[in-house]
Amino acid sequence: MSARKLLSLVFIRKQQEILLGLKKRGFGQGKWNGFGGKVEPNETILQGAIREVKEECGLNAMDLRKIGLLEFEFEGDPTALEVHVFETYKFNGDIAESDEMRPQWFDLKHIPYEKMWPDDEIWFPYMLRDEPFKGYFLYRGIDLIVKHRLERLDLT
Ligand code: 6OG
């Protein structure tokens, strides 16, 4: 039996910068990533995305735009992750470190790919070009991608 886990992943953007968080615990610990997590049964993906941003970095995210859909599988693990990726340039509030994440702005020219999930380096260019995308990644462990597909998508 295979199962799917529904997750959100949000990137807060400025013209030349992107807000990433250093994951302090749990899945992806020690990696920089966007903000997000498991969508709860009583909420939509979008509501979950907004909630996670607030919880993890203190900001109120508005006008989230769906930019990508990622599916991850890990060899030997029957649970696939379905990650809905959003971005926004509109937000308010003050950035605050949480138990889970340490937020920091990065210049788009200095994205710390070597300390991020290896898939990010493959699909970030789509997001940074504002091109919606859909990707599939099969991992061996948490550092090696053994198979992947990535395509441009026309999201409506
Ligand atoms: P919690 O388990 O903390 O949510 N996520 C990934 N993000 C990237 N860039 N690559 C991956 O490759 C990922 N797998 C999961 C989804 C985990 C957060 O991490 C994202 C969520 O935003 C395997 O609730």
Side-chain angles (χ1 to χ4, degrees), residues 2-13 17-61 64-88 91 95-106 108 110-153:
S2 64
R4 288 176 91 72
K5 245 195 201 170
L6 199 54
L7 299 133
S8 62
L9 181 61
V10 183
F11 292 89
I12 307 282
R13 307 277 308 268
E17 289 173 294
I18 189 162
L19 188 68
L20 300 175
L22 181 66
K23 190 90 188 279
K24 293 159 71 176
R25 64 177 189 202
F27 190 64
Q29 182 175 0
K31 290 177 165 45
W32 292 94
N33 203 351
F35 306 96
K38 210 161 118 302
V39 178
E40 300 291 347
N42 61 340
E43 66 186 1
T44 63
I45 300 170
L46 183 62
Q47 285 168 341
I50 293 168
R51 175 182 54 73
E52 293 277 359
V53 171
K54 180 73 178 173
E55 285 174 10
E56 294 182 350
C57 76
L59 294 179
N60 303 303
L64 292 191
R65 181 168 91 103
K66 205 194 288 180
I67 183 84
L69 183 62
L70 296 170
E71 186 186 353
F72 298 107
E73 286 186 320
F74 296 85
E75 282 182 345
D77 184 342
T79 306
L81 306 183
E82 182 180 314
V83 179
H84 293 250
V85 187
F86 298 87
E87 65 170 6
T88 185
F91 54 90
I95 293 176
E97 182 169 347
S98 61
D99 289 348
E100 196 157 336
M101 285 284 211
R102 175 152 64 80
Q104 188 180 310
W105 288 106
F106 285 88
L108 294 184
H110 300 107
I111 294 174
Y113 288 119
E114 69 286 356
K115 293 178 201 147
M116 295 164 73
W117 282 102
D119 56 277
D120 293 15
E121 193 161 14
I122 299 171
W123 57 262
F124 252 58
Y126 281 73
M127 180 170 72
L128 299 180
R129 286 196 304 266
D130 267 340
E131 285 180 15
F133 57 89
K134 183 179 175 184
Y136 166 79
F137 297 86
L138 175 64
Y139 271 83
R140 181 171 297 155
I142 57 167
D143 290 321
L144 185 65
I145 295 167
V146 287
K147 195 160 93 182
H148 85 272
R149 289 189 296 272
L150 185 65
E151 60 180 310
R152 204 201 134 120
L153 200 66

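First listed ligand is number 1; within each ligand, the first listed atom is number 1. These numbers come from a predicted model, not from an experiment.
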**Student:** At less than 4.0 angstrom from any non-hydrogen atom of Phe74, what atoms of ligand 1 do you find?
**Tutor:**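 Taking each heavy atom of Phe74 in turn, ligand 1 has 23 (C) under 4.0 Å.
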**Student:** Give the contacting part of Tyr139 toward ligand 1: side chain, backbone, both or neither, where contact means a heavy-atom distance below 4.0 Å.
**Tutor:**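 Answer for Tyr139: side chain.
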**Student:** Going by the side-chain hydrogen bond (donor to acceptor under 3.5 Å, both in side chains) test, name the single residue among Glu56, Gln29, Glu97 that passes it with Lys24.
**Tutor:**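 The residue from Glu56, Gln29, Glu97 that satisfies side-chain hydrogen bond (donor to acceptor under 3.5 Å, both in side chains) with Lys24 turns out to be Glu97.
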**Student:** With a 4.5 Å heavy-atom cut-off, do Phe86 and Leu46 have their side chains touching?
**Tutor:**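 Heavy-atom side-chain distance check passes, below 4.5 Å.
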**Student:** Could you check atom 8 (C) of ligand 1 against the protein and tell me its nearest heavy-atom contact, residue, atom and distance included?
**Tutor:**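 Checking every protein heavy atom, the shortest distance to atom 8 (C) of ligand 1 gives Trp117 CD1, 3.3 Å.
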**Student:** Would you say the side chain of Leu81 lies within less than 4.5 Å of the side chain of Glu71, judging by non-hydrogen atoms?
**Tutor:**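 Sidechains of Leu81 and Glu71: no contact.
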**Student:** Any idea which part of Met116 is under 4.0 Å from ligand 1, heavy-atom wise: side chain, backbone, both or neither?
**Tutor:**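 Within the 4.0 Å criterion, Met116 makes no contact with ligand 1.
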**Student:** Under a 4.0 Å heavy-atom limit, does Phe11 contact ligand 1 with its side chain, its backbone, both, or neither?
**Tutor:**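 It is neither part, as no heavy atom is under 4.0 Å.
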**Student:** What residues, two or more places apart in sequence or in another chain, satisfy side-chain contact (heavy atoms from CB on, under 4.5 Å) together with Asp130?
**Tutor:**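 Checked Asp130 against side-chain contact (heavy atoms from CB on, under 4.5 Å); matches are Arg65, Glu87.
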**Student:** Is there at least one pair of N or O atoms, one from Asp119 and one from ligand 1, spaced under 3.5 Å apart?
**Tutor:**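 Yes, since at least one N or O of Asp119 sits under 3.5 Å from an N or O of ligand 1.
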**Student:** Taking the six-membered ring for Trp, are Trp32 and Phe106 ring centroids under 6.0 Å apart?
**Tutor:**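 So the answer is yes for these two rings.
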**Student:** Show me which atoms of ligand 1 lie under 4.0 Å from any heavy atom of Asp120.
**Tutor:**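 Checking each atom against Asp120, I get 8 (C), 9 (N), 10 (N).
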**Student:** Is the distance between the ring centroids of Phe11 and Phe124 under 6.0 Å?
**Tutor:**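 Between Phe11 and Phe124, the centre distance is under 6.0 Å.
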**Student:** Suppose we measure from atom 4 (O) of ligand 1 to each protein heavy atom; which comes out shortest, and what is that distance?
**Tutor:**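 Heavy-atom neighbour on the protein nearest atom 4 (O) of ligand 1: Gly37 CA, 3.4 Å.
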**Student:** At less than 4.0 angstrom from any non-hydrogen atom of Lys38, what atoms of ligand 1 do you find?
**Tutor:**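 Counting from 1, the qualifying ligand atoms are 24 (O).
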**Student:** What are the atoms of ligand 1, with element, lying closer than 4.0 Å to any heavy atom of Glu100?
**Tutor:**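 Those qualifying, in numeric order: 3 (O).
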**Student:** Students should be able to answer this: which protein heavy-atom is nearest to atom 18 (C) of ligand 1, and at what distance?
**Tutor:**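 Ranked first by proximity to atom 18 (C) of ligand 1 is Gly36 O, 4.2 Å.
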**Student:** In terms of residue, atom name and distance, what is the protein heavy atom nearest to atom 2 (O) of ligand 1?
**Tutor:**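 Going atom by atom, the protein heavy atom closest to atom 2 (O) of ligand 1 ends up being Phe27 CB, 4.0 Å.
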**Student:** Among residues at least two apart in sequence or on other chains, which ones pass salt bridge (charged side-chain N to carboxylate O under 4.0 Å, His left out) with Glu100?
**Tutor:**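 Salt bridge (charged side-chain N to carboxylate O under 4.0 Å, His left out) check on Glu100 returns Lys23, Arg25.
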**Student:** Which residue and non-hydrogen atom of the protein lie closest to atom 22 (O) of ligand 1, and at what distance in Å?
**Tutor:**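 Going atom by atom, the protein heavy atom closest to atom 22 (O) of ligand 1 ends up being Ser8 O, 2.7 Å.
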**Student:** For ligand 1, which atoms, with element, lie under 4.0 Å from some heavy atom of Leu7?
**Tutor:**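 So the answer, numbered in order with elements, is 4 (O).
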**Student:** Over 60° means perpendicular and under 30° means parallel, so tell me whether Trp123 and Phe133 are parallel, tilted or perpendicular.
**Tutor:**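 Parallel: the ring planes of Trp123 and Phe133 meet at under 30°.
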**Student:** How many angstroms lie between CZ in Phe137 and CG in Leu70, if you round to the nearest 0.5 Å?
**Tutor:**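 So the CZ of Phe137 and the CG of Leu70 are separated by 6.0 Å.
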**Student:** Measure Lys23 to ligand 1 on non-hydrogen atoms and call it side chain, backbone, both or neither using the 4.0 Å cut-off.
**Tutor:**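 Side chain only; the backbone of Lys23 stays clear of ligand 1.
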**Student:** Hydrogens and angles aside, do Tyr139 and Asp119 bring a side-chain donor and acceptor to less than 3.5 Å of each other?
**Tutor:**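 On atom types as modelled, these side chains qualify, holding a pair under 3.5 Å.
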**Student:** For atom 6 (C) of ligand 1, what's the nearest protein heavy-atom neighbour? Residue, atom name and distance, please.
**Tutor:**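 Going by distance alone, atom 6 (C) of ligand 1 is nearest to Asn33 ND2, 3.7 Å.
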